[in-house]
> 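First, the structure itself, so that you have it in front of you.
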Amino acid sequence: ALRLWRKGAFKICREGSISNQLSHSLHHMPPHSSPTIATRRRRHRGLTLVELAVAVALVGTLAAVALPTYRSHVEKGRIGVALRDIGEISIGLERYFTEKGTYPTSLTAAGLDKSDPWGNGYVYLNMTGAKTGQVRKDKSLHPLNTDYDLYSKGADGASVSPLTAASSRDDIIRANNGGFIGKASDY
């Protein structure tokens, strides 16, 4: 009877009695009947344009928040790889120096030539015979190293001699004869 009340089968007449529809509905309705075809269509008709617009706006907002965070993590990972590579190349150069008594003229000569995480080759300069304009310098314009320079040009792929220049701030450098390996902006 409660189901019938919800479906509107009960109608109360002016006198307060239940109309004849009750008896008609009770006799012609199977017990546990399924929803009508119209009810099923209403439930499965899909998304409205407003619901779709809200979903697209929500996805767009989440992407706008997540994408910079993802890029930041990827960049930190690349910097970590460059730091590790410079450390490994430095060890190889020291091994070369121990065996030969001098540093190599290039990374290729020592068998240490490789690309940084941004696809550029690591830059190496043996200080023996290096010209003044080639030597990397800190903010006080002192040379970073006395043995050799080794660095990655960073994400922008550009670099100039002084670390204070804008194109050198993202470089991953070796300084203080290996006492510092990190971003030029942190030195």
Side-chain angles (χ1 to χ4, degrees), residues 47 49-187:
L47 297 174
L49 187 58
V50 173
E51 291 170 331
L52 185 60
V54 168
V56 168
L58 183 63
V59 168
T61 303
L62 290 174
V65 170
L67 195 59
T69 304
Y70 172 74
R71 286 184 178 158
S72 172
H73 285 293
V74 168
E75 190 61 22
K76 285 179 184 176
R78 288 180 177 163
I79 290 169
V81 169
L83 293 172
R84 185 195 68 221
D85 287 350
I86 288 175
E88 290 173 357
I89 293 170
S90 294
I91 291 170
L93 290 170
E94 294 303 323
R95 187 175 302 129
Y96 186 94
F97 181 81
T98 302
E99 293 172 1
K100 310 271 183 181
T102 185
Y103 289 107
T105 55
S106 68
L107 291 176
T108 307
L112 299 169
D113 195 21
K114 63 186 334 187
S115 295
D116 67 11
W118 299 278
N120 304 310
Y122 287 97
V123 180
Y124 166 78
L125 176 67
N126 186 341
M127 291 299 170
T128 307
K131 297 177 185 167
T132 305
Q134 295 176 311
V135 177
R136 301 289 306 255
K137 297 178 178 142
D138 63 12
K139 61 184 173 189
S140 303
L141 300 178
H142 295 110
L144 296 180
N145 300 291
T146 57
D147 50 2
Y148 59 88
D149 272 345
L150 178 63
Y151 61 95
S152 162
K153 293 181 182 179
D156 66 0
S159 186
V160 293
S161 181
L163 296 183
T164 54
S167 61
S168 297
R169 302 297 290 161
D170 70 335
D171 293 359
I172 311 301
I173 62 168
R174 174 190 177 270
N176 296 337
N177 292 342
F180 174 84
I181 298 176
K183 281 185 76 172
S185 60
D186 296 337
Y187 182 67

> Less than 4.5 Å apart, any side-chain heavy atom of Thr146 and any of Asn177?
yes
> Under a 3.5 Å distance rule, please check whether Ser72 uses its side chain to pair with a backbone N or O of Pro68 as donor and acceptor.
no
> Strictly below 4.0 Å, N to O, side chains only: are Glu88 and Arg84 in salt-bridge contact?
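Salt bridge present between Glu88 and Arg84.
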> Just wondering, do Ile86 and Asp116 contact through their side chains at under 4.5 Å, heavy atoms?
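Asp116 does not reach Ile86 side chain to side chain.
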> Are Leu150 and Leu107 close enough that some pair of their side-chain heavy atoms sits under 4.5 Å apart?
yes
> List the steps and the verdict of side-chain contact (heavy atoms from CB on, under 4.5 Å) for Ile172 and Asp85.
CA-CA 10 Å; Ile172 311 301; Asp85 287 350; over 6 Å; no
> Does Tyr122 reach the side chain of Lys153, with side-chain heavy atoms less than 4.5 Å apart?
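SC-SC contact between Tyr122 and Lys153 ruled out.
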> About how many Å separate OG1 of Thr164 and CZ of Arg169, when rounded to the nearest 0.5 Å?
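Interatomic distance, Arg169 CZ to Thr164 OG1, rounded to 0.5 Å: 7.5 Å.
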> Working to the nearest 0.5 Å, report the span between CZ of Arg78 and CG of Leu83.
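Between atom CZ of Arg78 and atom CG of Leu83 there are 14.5 Å.
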> Start with the C-alpha distance between Ser167 and Asp156, add both sets of side-chain angles, then the distance that settles side-chain contact (heavy atoms from CB on, under 4.5 Å), and finish with yes or no.
CA-CA 7 Å; Ser167 61; Asp156 66 0; 4.1 Å; yes
> Asp171 and Ala158: which non-hydrogen atoms are nearest, and at how many Å?
OD1-O, 3.5 Å
> Measuring only between side-chain heavy atoms, which start at C-beta, is Ser168 closer than 4.5 Å to Tyr151?
no
> Kindly state each residue pair satisfying salt bridge (charged side-chain N to carboxylate O under 4.0 Å, His left out) with at least one member in residues 137-147, sequence neighbours excluded.
Asp147-Arg174
> Do Ser152 and Asn120 get their side chains close enough for a donor-acceptor pair, meaning under 3.5 Å?
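No.
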> Can you give me the closest heavy-atom contact between Asn176 and Tyr187, atom names plus distance?
OD1-OH, 2.8 Å
> Decide yes or no for Met127 and Pro143: does some side-chain heavy atom of the first lie under 4.5 Å from some side-chain heavy atom of the second?
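Contact flag for Met127/Pro143 side chains = no.
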> Got a sec, which residues hit salt bridge (Lys or Arg N to Asp or Glu O under 4.0 Å) with Arg95, two or more places apart in sequence or on another chain?
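Salt bridge (Lys or Arg N to Asp or Glu O under 4.0 Å) list for Arg95, sorted by chain: empty.
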